[in-house]
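Step one of this worksheet: look at the structure below.
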Amino acid sequence: MNAVLQKSAPVYEALERLKKRRVVPFDVPGHKRGHGNPELVDFLGEKCVGIDVNSMRPLDNLCQPISVIREAEELAADAFGADHAFFMVGGTTSAVQSMVLSVCHAGDKIILPRNVHKSVINALVLCGAIPVYVNPEVDEKLGISLGMKVSEVEQAIIKNPGAVAVLVNNPTYYGICSDIKSIVKLAHKYEMLVLADEAHGTHFYFGDELPVSAMEAGADMAAVSMHKSGGSLTQSSLLLTGKQVNWEYVHQVINLTQTTSASYLLISSLDISRRNLALRGEDSFREVVKMAEYAREEINDIGGYYAYGKELINHDSVFDFDVTKLSVYTRSIGLAGIEVYDLLRDEYDIQIELGDITNILAYISIGDNMQNIERLVGALDDIKRRYSGDPARMLNTEYINPIVLDSPQAAFYAEKDYLPIRQAEGRTCGEFVMCYPPGIPILAPGEMITREIIEYILYAKDKGCSLQGMEDPNVEYLNVLVDDRQIWKD
């Protein structure tokens, strides 16, 4: 990484130059630097609304960058150790889908863990590729899915010699890392590409105490959520490519779905945040690690809770662990994670990232401080004292391996029946069902609806999880395939 060049922020600097020129706008957006919408200016401020501008020659164009955006993307590639970097303004969902759509065509097989974000399976619905799932182990106590075993990835490759790629979560939402370096070496041996969903791994590129990043491991493409741990604005992300990828073709794929009216608020936030990480990232994330480890120790001292960390590493299904992820098992105090999540917000004015059936996740990043950590630890101590119950009747799983009957695309577009959820047992699901966050489908199109899954969905609903993806917002009915004959089997 060129430290001298990284001091520049080309898009930000171009916007600053534009502001000084006091250009009269006869283009979109129609609020005309806020003059047409004073309430918006009051809410967001003149500086923010003033740089909500349209693409123009001095500011370049995200669809075909040739000047300041291109320079900013080149700096991002340098900072992240990639051959090329794309600024993405449709979130990491857009980056993930662009990765898959760049590699997979209709009928192609892609090897991946089933505990992927919904954006991956959505991409399969769009392109017609066939998933070959390497079902991860589930930690019996924590109820969470672990990483991909290299041996199981190899078995999947051998059984599916025509598969075009392997997709790896680096890390999972809960901080679990697979041995991505060995998976890359294995996949490349069989002339397959490796795609990494690094929605929760931006900081891996700037931390000497953290797991290996996808680009350092030799992956071919990586989707990186700069807006999560990287500090940019929500919905801004990066798509990184390696030397073996035709980045010009990837750019064409991106332009199939990415907006032609890209927000310069998002673009400039990527530019500024990249500069911040390149210049100060290692020091910043060293402090993040210290805060997370301190919080983990303090929470475990409370008793009842289990804030898990590197002790989970077994060099197989848990090859490494991201210690910045403050994942805490709550079931032992008789409370579901979603119940603790709600209590923290409603009673203590603390908003954490995730609450599910058995865990919570507090996201610790460069914007945190020790005072906030102490407040979180104190609130968890108080919740245990005031609200703890009996865990005996609680479910203890976050992930159920599915039975795949049809391809996601075939099932999504098939003719469907609309059935009460308890009458859907044994049928093939025609839609998504997921708790959000984390956005990992409980059911995806083409999977069998089992009694265990039905009970899990109803339990999650009863506990207050945000269930999404279904046509019925009340989660009383499910869409199932009219013709349940198996169109495709793995």
Flag side-chain contact, heavy atom, 4.5 Å: Pro131 against Ile121: no
For the student: nearest non-hydrogen atoms of Val153 and Leu186, plus distance: CG1-CD2, 4.0 Å
From CA spacing to verdict: side-chain contact (heavy atoms from CB on, under 4.5 Å), Leu75, Ser8: CA-CA 8 Å; Leu75 287 169; Ser8 173; 4.3 Å; yes
Working for side-chain contact (heavy atoms from CB on, under 4.5 Å), residues Asn169 and Val116: CA-CA 7 Å; Asn169 293 319; Val116 290; 4.2 Å; yes
Validation row: Glu447, Arg114 side chains within 4.5 angstrom (heavy atoms): yes
Student check: side-chain heavy atoms of His200 and Tyr363 closer than 4.5 Å: yes
Side-chain donor-acceptor pair present, Gln244, Asp220, cut-off under 3.5 Å: no
Heavy-atom closest contact (Phe87 atom, Gln258 atom, distance): O-NE2, 3.6 Å
Non-hydrogen side-chain atoms of Ile144 and Thr172 separated by less than 4.5 Å: no
Geometric class of the His84/Phe86 ring pair [parallel <30°, tilted 30-60°, perpendicular >60°]: tilted
Of all pairs that satisfy side-chain hydrogen bond (donor to acceptor under 3.5 Å, both in side chains), the ones with a partner from residues 33-45, not counting sequence neighbours: none
Closest approach of His227 to Leu233 (non-hydrogen atoms, all atoms of both residues): CB-O, 3.0 Å
Worked verdict on Glu152 versus Ile111 for side-chain contact (heavy atoms from CB on, under 4.5 Å): CA-CA 10 Å; Glu152 293 184 356; Ile111 295 168; over 6 Å; no
Atom CD of Glu374: over 12 foreign heavy atoms under 6.0 Å: yes
Sidechain N-carboxylate O distance under 4.0 Å for Glu311, Arg296: no
Minimum side-chain heavy-atom gap Leu312-Leu142 below 4.5 Å: yes
Lys32, NZ: over 12 other non-hydrogen atoms inside 6.0 angstrom: yes
Heavy-atom neighbours of Phe412 CZ exceed 12 at 6.0 Å: no
Steps toward side-chain contact (heavy atoms from CB on, under 4.5 Å) verdict (Thr324, His203): CA-CA 9 Å; Thr324 73; His203 47 296; 3.1 Å; yes
Neighbour count above 12 (heavy atom, 6.0 Å) for Gln351 CD: yes
Polar side chain donor-acceptor pair, Ser225 to Thr92, under 3.5 angstrom: yes
Value rounded to 0.5 Å, distance of OG in Ser102 from CD1 in Ile254: 6.5 Å
Over all atoms of both residues, closest heavy-atom pair of Ala187 and Ile157: CA-CD1, 4.3 Å
Nearest non-hydrogen partners of Val328 and Ile299, listed with the distance: CG1-CG2, 4.0 Å
Sub-4.5 Å side-chain heavy-atom contact between Glu73 and Leu62: yes
Parallel, tilted or perpendicular, as decided by the 30° and 60° cut-offs, for the rings of Phe285 and Phe206: parallel
Modelled atom types, side-chain donor and acceptor of His31 and Asp52, under 3.5 Å: yes
Given Asp320, Asp316, Asn314, the one that forms side chain to side chain contact (heavy atoms under 4.5 Å, CB included) with Val318: Asn314
Tyr12, OH: over 12 other non-hydrogen atoms inside 6.0 angstrom: no
Glu74/Arg70 ion pair, N-O < 4.0 Å: yes
Between Asp139 and Tyr308, a side-chain donor and acceptor under 3.5 Å: no
Test item: Val404 and Tyr133 side chains (from C-beta on) under 4.5 Å apart, heavy atoms: yes
The single option from Leu270, Asp271, Ile272 passing side chain to side chain contact (heavy atoms under 4.5 Å, CB included) against Arg274: Asp271
Glu46, CD: over 12 other non-hydrogen atoms inside 6.0 angstrom: no
More than 12 heavy atoms of other groups within 6.0 Å of Lys310 NZ: yes
Closest approach of Leu376 to Ala362 (non-hydrogen atoms, all atoms of both residues): CD2-CB, 3.8 Å
Asp356 and Tyr174: side chain donor to acceptor below 3.5 Å: yes
Beyond-backbone contact of Pro445 with Phe432, side-chain heavy atoms, under 4.5 angstrom: yes
